[in-house]
Amino acid sequence: MTPTTALTTDQAHARLHELTVIDVRTPGEYASGHLPGAHNIPLDHLDAALPALRTAADRGDLLIVCASGARSAQACRRLADQGITAATLTGGTTAWAQLGHATHRPAGTRTAWAMDRQVRLVAGTLVLTGLIAGRRWNAARRLSAAVAGGLVFSALTNTCGMAAIMARLPHNQPGATDLDATLAALTG
């Protein structure tokens, strides 16, 4: 790949036919809309996919995408540590869709909430629960404080522990056959 480690949406759109696109979002996020031709390998399954990604990278350039570009940048760094060159999509699928580029939604799949929306629901529920329970038991307010501290830490480090935990929930996991088929397509 060129020395550029990030592609804008317009650059990626112009080169889409020559790129192997890997979407590192959860299967639910992927099903809600992804770049045409993208393969879904959730970030937490990246290490298992290294041999297939190495094979795909030997055939051509890899473009790693996620919702905003944060997870794909993390994936690119992990791949670079393994000697695999890949670029990230600046702004992710959010920027892609905002510019009016086509997204694909598999037929018959349910639209899942994006990970950031899932995190906002859980964080808000925990804060509200801590505040309501805190009216009766003062110690319960610590739950709200802990979640608030976690959100501040998440913003400062551009990581999200809650999202990492939630990505392991069943509705955010790929089916074994889905991941196996994706890896076979990348190596075949």
Side-chain angles (χ1 to χ4, degrees), residues 1-46 49 52-53 56-80 84-124 151 154-160 162-164 166-167 169 171-174 178-179 181-183 185-186:
M1 184 160 280
T2 63
T4 304
T5 57
L7 296 178
T8 66
T9 52
D10 289 334
Q11 290 170 325
H13 187 260
R15 296 185 54 204
L16 193 59
H17 64 282
E18 65 188 55
L19 297 169
T20 299
V21 181
I22 307 297
D23 192 320
V24 295
R25 297 177 298 160
T26 66
E29 291 174 293
Y30 174 82
S32 69
H34 55 270
L35 275 65
H39 300 279
N40 184 220
I41 301 176
L43 185 60
D44 58 342
H45 290 82
L46 198 64
L53 292 169
D58 289 343
R59 286 196 309 265
D61 294 339
L62 294 181
L63 176 65
I64 311 297
V65 301
C66 68
S68 67
R71 286 179 279 178
S72 58
Q74 180 184 357
C76 285
R77 287 190 299 273
R78 286 172 56 188
L79 292 173
I84 301 170
T85 303
T88 184
L89 178 63
T90 303
T93 55
T94 301
W96 180 270
Q98 284 176 344
L99 288 177
H101 298 307
T103 57
H104 177 69
R105 288 180 178 85
T109 58
R110 64 177 172 78
T111 301
W113 286 5
M115 184 57 67
D116 65 322
R117 186 175 180 193
Q118 292 179 46
V119 167
R120 289 192 309 264
L121 174 69
V122 171
L151 291 171
S154 175
L156 293 173
T157 62
N158 199 26
T159 63
C160 186
M162 189 179 292
M166 292 177 65
L169 293 174
H171 68 278
N172 286 324
Q173 290 297 309
D178 296 338
L179 187 57
T182 298
L183 298 178
L186 290 172

Evaluate the side chain to side chain contact (heavy atoms under 4.5 Å, CB included) criterion for residues Leu53 and Leu46: first the C-alpha distance (whole Å), next the side-chain angles of each, then the deciding distance (0.1 Å), finally the verdict. CA-CA 9 Å; Leu53 292 169; Leu46 198 64; 3.6 Å; yes

In Å, rounded to the nearest 0.5 Å, how long is the span from NE2 of His45 to OG1 of Thr182? 11.0 Å

To the nearest 0.5 Å, how far apart are OG in Ser72 and CD1 in Ile22? 12.0 Å

Donor-acceptor contact below 3.5 Å, side chain Thr5 vs main chain Ala87: no

Would you check if the side chain of Glu18 reaches a backbone N or O of Arg15 as a donor-acceptor pair within less than 3.5 Å? no

Rounding to 0.5 Å, atoms CG (Leu121) and CG (Asp116) come to a distance of 11.5 Å

Return the NE2 to CD distance between His13 and Gln11, rounded to the nearest 0.5 Å. 13.0 Å

N/O donor-acceptor pair under 3.5 Å between Tyr30 side chain and Pro42 backbone: no

Which heavy atom in Ala56 sits nearest to a heavy atom in Leu62, and how many Å separate them? CB-CD2, 4.0 Å

For the backbone of Leu186 and the side chain of Arg59, can you confirm whether one donor and one acceptor N or O come within less than 3.5 Å of each other? yes

Return the minimal non-hydrogen interatomic distance between Ala12 and Leu19, and the atom names on each side. O-CD1, 4.1 Å

Would you say the side chain of Asp178 lies within less than 4.5 Å of the side chain of Pro27, judging by non-hydrogen atoms? no

Give, for atom OG1 of Thr90 and atom CG of Leu7, the distance between the pair rounded to the nearest 0.5 Å. 7.0 Å

Minimal non-hydrogen separation, Cys66 against Gly69, with atom names: SG-N, 3.0 Å

Check for a donor-acceptor pair, side chain of Thr94 on one end and backbone N or O of Ala67 on the other, with a separation under 3.5 Å. yes

Quick one, Val21 and Asp23 - any side-chain contact, counting heavy atoms below 4.5 Å? no

Does any part of the side chain of Ile64, heavy atoms only, come nearer than 4.5 Å to the side chain of Val24, both counted from C-beta? yes

From CA spacing to verdict: side chain to side chain contact (heavy atoms under 4.5 Å, CB included), Thr9, Leu89: CA-CA 7 Å; Thr9 52; Leu89 178 63; 4.0 Å; yes

Let's go through Met115 and Met166 carefully: what are the C-alpha distance in whole Å and the side-chain angles of both, what is the deciding distance for side chain to side chain contact (heavy atoms under 4.5 Å, CB included) to 0.1 Å, and is it a yes or a no? CA-CA 8 Å; Met115 184 57 67; Met166 292 177 65; 4.0 Å; yes

Residue pair Pro36 / Ala102: nearest heavy atoms and the distance that separates them: CD-O, 3.3 Å

Could you check Thr93 against Arg25 for side chain to side chain contact (heavy atoms under 4.5 Å, CB included), going step by step and ending with a plain yes or no? CA-CA 10 Å; Thr93 55; Arg25 297 177 298 160; 3.4 Å; yes

Could you tell me the separation between the NE2 atom of His101 and the CG atom of Leu16, rounded to the nearest 0.5 Å? 9.5 Å

Side chain proximity check, Arg78 to Leu43, heavy atoms < 4.5 angstrom: yes

Can you tell me how the ring of His104 sits relative to the ring of His34, calling it parallel under 30°, perpendicular over 60° and tilted otherwise? perpendicular

Quick one: does any side-chain atom of Trp96 pair with a main-chain N or O of Asp10 as donor and acceptor, under 3.5 Å? no

Counting distance only, does the side-chain N/O of Asn40 pair as donor-acceptor with the main-chain N or O of Leu179 below 3.5 Å? no

